Amino acid sequence: MADRSRIDLAAALKDSGVAAAIALGLFGLLVGLRTEASSTSELELLPRPMLLAIVVAAVFAGRFLIMLLYQSGAFEIDTSRFISSDTKARIARLSRFAGPALLLFALTMPFSADRYYLDLGILVLTYVMLGWGLNIVVGLAGLLDLGYVAFYAVGAYSYALMAQYSGLSFWVCLPVAGILAAFWGVLLGFPVLRLRGDYLAIVTLAFGEIIRLVIINWSSFTGGPNGITGIPRPSFFGIPFIEGEGGFADTFGLEFTPLHRIIFLYYVILALALLTNFVTLRLRRLPIGRAWEALREDEIACRSLGINTTHTKLTAFAIGAMFGGFAGAFFATRQGFISPESFSFSESALILAIVVLGGMGSQVGVAFAAFVMIGGFELFREFAQARMLLFGIAMVAIMVWRPRGLVATRDPSVFLTEKKTIPAEKVAEGRT
Amino acid sequence: MEYFFQQLINAIALGSIYGLIALGYTMVYGIIGMINFAHGDIFMVSAFIALIAFLALVAIGLTAVPLALFLVLLIAMALTALYGWTVERFAYRPLRGSFRLAPLISAIGMSIVLQNYVQIVQGARVKPLPPLVPGGFTLMGHDDFAVQLSYVQIMIVVTTVVLMLMFSWLVAKTRLGRDMRACEQDLKMASLVGVDTDRTIAFTFVIGAALAAVAGVMFLLYYGVIDFYIGFQAGIKAFTAAVLGGIGSLPGAMLGGLLIGLIETFWSAYFSVEYKDVAAFSVLVLVLIFLPTGILGRPEVEKV
Amino acid sequence: MKLWERDPILDLQHLTMRFGGLLAVDDLSMQAGRREITAVIGPNGAGKTTVFNCVTGFYRPSEGMIRLRHTAGAEFLLERLPDFRIAKLGRVARTFQNVRLFAGMTVLENLLVSQHNELMRASGYTLLGLFGLPVYARAEHAAVERAKHWLDRVGLTSRADDPAGDLPYGGQRRVEIARAMCMEPELLCLDEPAAGLNPRESEELNGLLLRIREETRTSILLIEHDMHVVMGISDHIVVLEYGRKIADGTPEEVRNDDRVIAAYLGVDEDAVEDARAEVQP
């Protein structure tokens, strides 16, 4: 029961005062005084007292409001009480349709979209695929990989180099790129997979950085900081997307528009992403997938049951790497050029954030998280600088609010009588 | 030979800076098992605070450089400590009981926030500062190459040593240090015997941030130019240093810092500048593969 | 000659385990008889779990030999094999002192994980299974049947679809045993299976273990403190103290052995008579 009479203005004011003082300390120098290069290239200080005052006042007001809400018991109201159990059941039933609904949307989107939204869709789907790929490693097997971008890079660069030098088509180079990435996954994974959780994270981070630095510096092979340009564009199974005779539009009797190529690319990435999803769902039901999840729960118990956990980990790593490689190859052909800038640690961090925010191990959750994060990120494009800041704040806020991610349940892969979903708090996140 | 000694001096100075930052990583990991991704950016913020504080002091007429530097150091330490406290309070403490990846993602988010915050409020361009403490000693050498030991380098090493001693005293002899060690051993037990774990952990972050602030001031003086990205770079290297020395071990962090400084300096001096970061990371990988607990770390035995 | 000397499934010779300066197991030689229930008992710190960990491969012994001989004749030297190979090739299953279940997975899933190797083979190391070939579906069906069999034996069929972490302590212990039995092991090692069980549950545990001995060809090696369980079902008892064997024989022989009583009562051997008089009215 909310106790309205507990509002204590004095305490709230005092608390807000402290918050404002802290804000003054934090923002006083950095916000209140701006360093600018003067005409003589020396640094000058420009005072911005108004800005500082606004910020501090905002902190004061915001904190005061929160204190009042807190005191009046607003945070203790159980909002779920306002929803009848019927509605809850209906929502639960509907949420089963979330996956298929998203799929339907994804399939039909290109027909009503313009170039901007198509490009956005391709971008989102690329990250969905990357998220699903990393999900195998982090979400299912519980291996903390902070260097996933390395496989993305291997896929992209091997595709670029292969396509340029051998002239083989996309459909041939793609699987090869994936296999190369998987191979690297095994190579990198083999010496390090026996490391404990956090150490594994650090090593994978280091690997990611090493690969990026090697790419930047090995100019003769990888083109260095300038990257590789002129990567062959994809063709519709041999028919190029060009205007005029012999082109896609000409062959199918359509009016030429550059959108054709984009739509084709869209469906390619959609197909790749769905492949990733299909394989993951399948593998979860097979002994290897179950072994991954058991590994996440308790590695020692797994070993006591005769499971070769090193092989299990390597398989997760390699398969995750393979999908990362596919995504990289796609990225290369979509853009037409690649450079080391696209393969920094921030990418690994972003993909990891997508997996964690989505709810580890949950396919729909990861897709949804990718959609929200990448889509949201793009939508705020006008805000340029501030959007990265908001992005970071959103990451922190979502983690604090829902540490287990947006989708908080796990579906068992096999059941005797009744499939009971398991709440996320009971599922391990990978310890050893 | 002179070249070698010069590199050695440079390496020790650089390594001290890394070591100070590495202490923050290792302390936090030791006490709550968390990799504080935002720590490098705390270091970056401290460098900016130091810059602005210095310019402000000059603007109000304080021209005595030693006094100004001393005040800048204090201000930077205090305000950066405030940042450290705030970050812990709002981004990490709510996630303390939760599963391990959550604080990691939150830390990555915090890192993004800090970088962009500084970028927005101060602009993305690099900020140069003319050398404040010019000059030094010439130790040895001929006309074409003289081994220089600059005042700044002496300051860095002396400050680091003094801080290390103070810090070791803090951990070994004071109540706070004892609480920190207790929390490091067994957090739950420590709280059961009456240690205020929230406060102790907050203090750990605060001290780590203060040490990073010292590194920030030193960095500003040594290199004379800062931008919002230095946190990420120094952060990764300092983190490597912490792991190399044995994460969780305080002397290990300093040792790791020195080693990374040595590796980076000597590699770029004798082999190639471009690949110096690769060298440092490769060392990290090798150490983790063959000696996962680092050089001074305690090996952990899992109870079956 | 005792049965376990004639046809041992497990033969330890001069097993020694040192941790730095600490001698946890000191020159231990013993056998466990085929299809028997062998109990290893002794006061705390006697080295019992260390022996277990050596047998199951979680520790590598400092010295000594551990020979495992299957019913069909295959022999293995366990001191050289890693833990998962001992489980996989040696067909040695174990439970843990602190129950190690896959808490976030259902009970049924737990039992299927233990049949991993067989299912992997049937799925063609995943490839056949990926393409949906029926050979895997059949193998999984058989695995589920085996799981159902053991769920029934431990009385947990009704909880098959619940997350394993939801079960009460006694239930979790039983799941662990069922999971181990799904491996169809030659040797089942139980580390304090009765710890934390009330007398009724211990009685049920006795029943379960006796049933395992009767219905399967599994031999049982167990560490236990609960004398009701030990004396109730063991065919052979080995007593350790400070890492050394102080008694080895049938329950009758061990029960009346002065050294054993001395060890448990914490008195010297010569004081046993008096102590006994004190304890028994």
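Just so we're on the same page: letters track the sequence lines, and every chain starts at 1. No experiment lies behind these values; they were computed from the predicted model shown. Hydrogens, waters and symmetry mates are skipped; everything else that's a heavy atom, side chains included, is used.
- Between L284(B) and V203(A) there is no side-chain heavy-atom pair separated by less than 4.5 Å.
- No part of I211(A) comes within reach of chain B, as not one of its non-hydrogen atoms sits under 4.5 angstrom from that chain.
- Summarising the geometry of G109(B) relative to V396(A), their closest heavy-atom pair is C-CG2, 3.8 Å, with the distance given to 0.1 Å.
- With respect to chain A, the highest number of heavy-atom pairs below 4.5 Å among D277(B), L114(B), V45(B) belongs to D277(B).
- Contact check for I22(A) versus R89(B): no side-chain heavy atoms found under the 4.5 Å cut-off.
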Checklist entry - How far apart are the C-alpha atoms of M388(A) and V113(B), what are their side-chain angles, what is the distance that settles it, and do they pass the side chain to side chain contact (heavy atoms under 4.5 Å, CB included) test? => result CA-CA 7 Å; M388(A) 272 307 274; V113(B) 166; over 6 Å; no
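- Between I75(B) and L29(A) there is a side-chain heavy-atom pair separated by less than 4.5 Å.
- In this structure, the portions of I49(B) lying under 4.5 Å from any heavy atom of chain A include both its backbone and its side chain.
- Around atom CD of E36(A), more than 12 heavy atoms belonging to other residues, nucleotides or ligands sit under 6.0 Å away.
- Taking the six-membered ring where the residue is Trp, the centroids of Y83(B) and F27(A) are separated by 6.0 Å or more.
- Only the side chain of F37(B) has a heavy atom closer than 4.5 Å to any heavy atom of chain A.
- Using a 4.5 Å cut-off between heavy atoms, L45(A) touches chain B through its side chain atoms alone.
- Contact of A91(B) with chain A is made through backbone and side chain together, with heavy-atom distances under 4.5 Å.
- Both the backbone and the side chain of L288(B) come within contact range of chain A, with heavy atoms under 4.5 Å apart.
- With a threshold of 4.5 angstrom between heavy atoms, A56(B) approaches chain A through its backbone and through its side chain.
- Here I112(B) contributes atom CD1 and L390(A) contributes atom CG; the two are 12.0 Å apart, rounded to the nearest 0.5 Å.
- Both the backbone and the side chain of W218(A) come within contact range of chain B, with heavy atoms under 4.5 Å apart.
- Proximity to chain A (any heavy atom under 4.5 Å) is shown, for L55(B), by both the backbone and the side chain.
- Summarising the geometry, atom CZ belonging to R212(A) is positioned 8.0 Å from atom CZ belonging to F281(B); distances are rounded to the nearest 0.5 Å.
- With respect to L51(B), the side chain to side chain contact (heavy atoms under 4.5 Å, CB included) criterion is satisfied by exactly one of L30(A), L33(A), T35(A): T35(A).
- Neither the backbone nor the side chain of L129(B) comes within less than 4.5 Å of any heavy atom in chain A.
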Item to check | Verdict with reasoning, I108(B) to M395(A), per side chain to side chain contact (heavy atoms under 4.5 Å, CB included) | outcome: CA-CA 8 Å; I108(B) 294 176; M395(A) 265 174 84; 3.9 Å; yes
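- Contact of V356(A) with chain B is made through the side chain alone, with heavy-atom distances under 4.5 Å.
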Checklist entry - After noting the C-alpha distance and the side-chain angles of I398(A) and I105(B), does the key distance pass the side chain to side chain contact (heavy atoms under 4.5 Å, CB included) rule? => result CA-CA 10 Å; I398(A) 295 181; I105(B) 302 290; over 6 Å; no
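- Counting heavy-atom pairs closer than 4.5 Å to chain A, the top-ranked of the candidates Y117(B), F232(B), F290(B) is Y117(B).
- Using a 4.5 Å cut-off between heavy atoms, L200(A) does not touch chain B at all.
- If you measure heavy-atom distances from V278(B) to chain A, the contacts under 4.5 Å come from both the backbone and the side chain.
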Item to check | Audit row: L79(B), L26(A), side chain to side chain contact (heavy atoms under 4.5 Å, CB included) steps and yes/no | outcome: CA-CA 7 Å; L79(B) 292 181; L26(A) 289 176; over 6 Å; no
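- At a 4.5 Å heavy-atom cutoff, the contact between R48(A) and chain B is made by side-chain atoms alone.
- Contacts of S111(B) with chain A are absent, with no heavy-atom separation under 4.5 Å from either backbone or side chain.
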